[in-house]
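Just so we're on the same page: letters track the sequence lines, and every chain starts at 1.
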There are 2 protein chains.
Amino acid sequence: MKFRRSGRLVDMTNYMLHHPHSLVPLTFFSEKYQSAKSSISEDLTIIKETFEQQGIGTLLTVPGAAGGVKFIPKVEANEAKQFIAELCELIAKPERLLPGGYLYLTDLLGTPSIVNKIGRLFATVFSNRKIDVVMTVATKGIPLAYAVAAQLDVPVVIVRKDSKVTEGSTVSINYVSGSSKRIQTMLLAKRSLKEGSNVLIIDDFMKAGGTINGMISLLEEFKATVAGIGVLVETEGVEERLVDQYVSLVKLADVDVRERNIHVTEGTYFQIVNTKEIGEELYEDR
Amino acid sequence: MKFRRSGRLVDMTNYMLHHPHSLVPLTFFSEKYQSAKSSISEDLTIIKETFEQQGIGTLLTVPGAAGGVKFIPKVEANEAKQFIAELCELIAKPERLLPGGYLYLTDLLGTPSIVNKIGRLFATVFSNRKIDVVMTVATKGIPLAYAVAAQLDVPVVIVRKDSKVTEGSTVSINYVSGSSKRIQTMLLAKRSLKEGSNVLIIDDFMKAGGTINGMISLLEEFKATVAGIGVLVETEGVEERLVDQYVSLVKLADVDVRERNIHVTEGTYFQIVNTKEIGEELYEDR
């Protein structure tokens, strides 16, 4: 089937968006559209320029015989800033207050467009880390973990607090919940994680960090490495911070149950994003 | 900012893909690109033709002042056929056999690209039903539910088997697990579902259908309607079929633990897709 440029642009955009972080050889497109590589290169330049201009991400070109093009999803700093501000506003609504000072977030975590945007933000921060798999703990972190993993093109593994016959043999550890100080168990199917994997930990909420510390201990059992930690909401004012290095989008600064007042601020996202380690080129002005 | 057609095509494709089942007024694009509506219409025609030709979906044009354009994701019948055949092959691998005749599917459900493709298939089958929300039960069905919901642009609600303080007040029911005949409890946060909603039920596995029947009973408590039922894998040979109307992608016809033989066939997907009720225009030849 022969394609005009306009049709190619639409189809290539669709293809690249559905294959983030994957190296696509130019021959794949030139064969698919029966077009010269030079035309494909021109198409990719247009896509790259538009993606960058519109804050969708960028296309990396890898030269040589084994080369090709790779789509790196990236959220622009100002878009991220605005989205996090919106999240803060949504989370600060007094009707979210539940008995015990807990917050109802089920509606936000139940909206795919919000979840996917959160996924794109984390994929931006961690885009130049070596990541083989995203890990989370059941249940609330699951949609976030998938949203990040889809953007990074890696699988998800889910840690459970109860054993299921459908997972086969498991590795379990005991950990101390940071806030309640109770000893709990978490486990992961043996088959689900290869030894030596680089693992990005994603969760919805971090209080003292006990659950995340538990996941880190579990990773040690698999001789795996923590490639990064991302949480949607962290709470402030915890004396003993169990986890040092993490990215949070939102910080719960203060919850006043009596006054029904929730004080929410920006998390560590921009602190982390702006350090060299993560790659400041992500956020430089174009 | 002024756009050339090529840049518009790339950006509009990205926008439409990220906003399935949403009506986008032409003025949105003509203002964004400072282009005449006639040019935008031509762009949309190119995108529509490419989407249909490449099996991405279609664009519906709604005429009039309150009109606009809507992207309906659709997987072509031959692509769906091939994907389901691949799934059958993947699932039939003898190393998936666990003690008790259970199957290890965690790796497939942990791969976002597979999960998202499954989501697109279900979104195709249910594309012309009125659906307000996708419902599933924790844990394994969650990624599938989000994948479908993202394609239909609706929220997800998650039924749990244990109560969580972070969900506020809940409605619970008792149900009989179809295979084990044990009485179990499932519950849903009161806030999470509006009365009278049209609900699409999605799950990973259906044996006798007890869990899905439980979800249907729970929906009655919310005066909600079942808009459809989709499961990834159904097992065959259950005497008492609790659930009559559902779409399955894959059918586990026979598991021979001794011979380590798993027999897997196509589910009800094409039976359902080919009935008038669902809309045969989805699969007619173009």
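When each of B:L103, B:D43, B:I46, B:T111 is scored by its heavy-atom pairs under 4.5 Å with chain A, the top score falls to B:I46. Ranked by non-hydrogen atom pairs under 4.5 Å with chain B, the options A:I56, A:I158, A:V134 are led by A:I56.
Within the 4.5 Å cutoff, the side chain of B:L9 has no heavy atoms near those of the A:T50 side chain. Looking at heavy atoms from C-beta onward, B:P143 lies in side-chain contact with A:I142 at the 4.5 angstrom threshold. Annotation: side chain of B:N14 is not in contact with side chain of A:M16 (no heavy-atom distance under 4.5 Å). No side-chain heavy atom of A:K117 sits under 4.5 Å from any side-chain heavy atom of B:H18.
The two atoms that bring A:R96 and B:R191 nearest to each other are CA-NH1, 4.1 Å, heavy atoms only. Here the closest heavy-atom approach between residue A:G110 and residue B:Y146 is recorded as CA-OH, 3.4 Å. A pairwise comparison of heavy atoms in A:T139 and B:A138 identifies CG2-CB, 3.9 Å as the closest pair. Shortest non-hydrogen contact noted between A:P112 and B:P155 is CD-CA, 3.9 Å.
The CD1 atom of A:I47 lies 9.0 Å from the OG1 atom of B:T13; values are rounded to the nearest 0.5 Å. Rounded to the nearest 0.5 angstrom, B:T106 OG1 and A:L193 CG are separated by 12.5 Å.
With a 4.5 angstrom heavy-atom cutoff, A:L152 does not touch chain B via any of its atoms. For a residue to count as touching a neighbouring chain, one of its non-hydrogen atoms must lie under 4.5 Å from one of that chain's; by this rule A:D11 touches chain B with backbone and side chain alike. Of the atoms belonging to A:R160, it is side-chain heavy atoms, and not backbone ones, that fall under 4.5 Å from chain B. Both the backbone and the side chain of B:S192 come within less than 4.5 Å of a heavy atom of chain A. Heavy atoms closer than 4.5 Å to chain A are found in the backbone of B:L97, but not in its side chain. Using a 4.5 Å cut-off between heavy atoms, A:S6 contacts chain B through both its backbone and its side chain.
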### Message
Assess the residue pair A:R5 and B:R5 against the criterion (side-chain contact (heavy atoms from CB on, under 4.5 Å)); give the C-alpha distance rounded to whole Å, side-chain angles, the decisive distance to 0.1 Å, and a yes or no.
### Response
CA-CA 11 Å; A:R5 162 146 295 152; B:R5 162 145 295 152; over 6 Å; no
